[in-house]
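This report refers to the structure that appears directly beneath it.
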Amino acid sequence: MTNPDLMALLQAHGGLSAGLTRFRNGLVSDGWIEKGSLFATPVTLDRVAAQQARAVAQAFPDATLLVGAPACGAVPASAVARHLGCRVAYVLLQPEAAWHRMNIPKPPERVVYIDDLICTGQDACLALHFLRQEGHTVLGVSAWISRAALSGEQLVTLAPPPFRLLDASELGPDSTFEFQDIRE
Ligand SMILES: O=C(O)c1cc(=O)[nH]c(=O)n1[C@@H]1O[C@H](COP(=O)(O)O)[C@@H](O)[C@H]1O
């Protein structure tokens, strides 16, 4: 079966909403992605996982462990690991970074951190810091799309962000938000 790429799937499943958007974290954008449009149907999500698995295999052929953070990173991490036949572990980020007890990997593993959508990059940075503190080698990060650059890290994405963040100077006094309180 052919694997339609991420953007085509988001488009086909109504996951791309153009329009002035205020995120829950205060950032403003000219649109937003509803990833739930893909998460809701595991068969569809798996097509993205196949694409992400190919990207991980190409960029990080020596990876021994994939890591994702609940809630939204753990699902793709597991799906990608299934395609690659490798192991997976989950890092909890709240109230502080820690392994989920299901798998506490013994260092040193060569780890790729897996995510869906990275916005500010705060969670990814927390997770990478934890992984290094735990004695693992972080090879890099694989995400569907990232709005943040994650400086100093090898970040591999499936597509560039379809919407851009706007700064205050780009908003007029009468700007009206089409979407409010959004968490991608
Ligand atoms: O995992 C989450 O809690 C989560 C829920 C949600 O509704 N939206 C969402 O983006 N996330 C996660 O939050 C992280 C992105 O937030 P930043 O830390 O701002 O980059 C990613 O790990 C997402 O998977």
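Counting starts at 1 for both ligands and their atoms, in listed order. All heavy atoms count here, side chains included; hydrogens, waters and symmetry mates do not.
When Val156, Leu128, Thr157, Val112 are each tested for a side chain to side chain contact (heavy atoms under 4.5 Å, CB included) with Val141, only one passes: Leu128.
Contact analysis leaves Ala124 out of contact with ligand 1, as no non-hydrogen atom separation drops below 4.0 angstrom. Using a 4.0 angstrom heavy-atom cutoff, Gly121 counts as in contact with ligand 1. For the pair Lys35 and ligand 1, a heavy-atom separation below 4.0 Å is found.
Scanning the protein heavy atoms around atom 24 (O) of ligand 1, the nearest turns out to be Asp116 OD1, 2.7 Å. For atom 11 (N) of ligand 1, the closest heavy atom belonging to the protein is Arg183 NH2, 3.1 Å. For atom 14 (C) of ligand 1, the nearest protein heavy atom (residue, atom name, distance) is Asp123 OD2, 3.6 Å. Protein heavy atom at the shortest distance from atom 22 (O) of ligand 1 is Asp115 OD2, 2.7 Å.
Each of the following atoms of ligand 1 lies closer than 4.0 Å to a heavy atom of Thr120: 17 (P), 18 (O), 19 (O), 20 (O). Below 4.0 Å from some heavy atom of Ala71 lie the following atoms of ligand 1, by number and element: 1 (O).
Using a 3.5 Å distance cut-off with no hydrogens or angles, the side chains of Gln51 and Trp144 do not pair a donor with an acceptor.
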Worksheet entry | Intermediate values then yes/no, salt bridge (Lys or Arg N to Asp or Glu O under 4.0 Å), Arg132 and Glu109 | CA-CA 10 Å; Arg132 291 184 171 117; Glu109 296 271 13; over 6 Å; no
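Ile118 has its side chain out of reach of Ile145: every pair of non-hydrogen atoms, C-beta onward, lies at least 4.5 Å apart.
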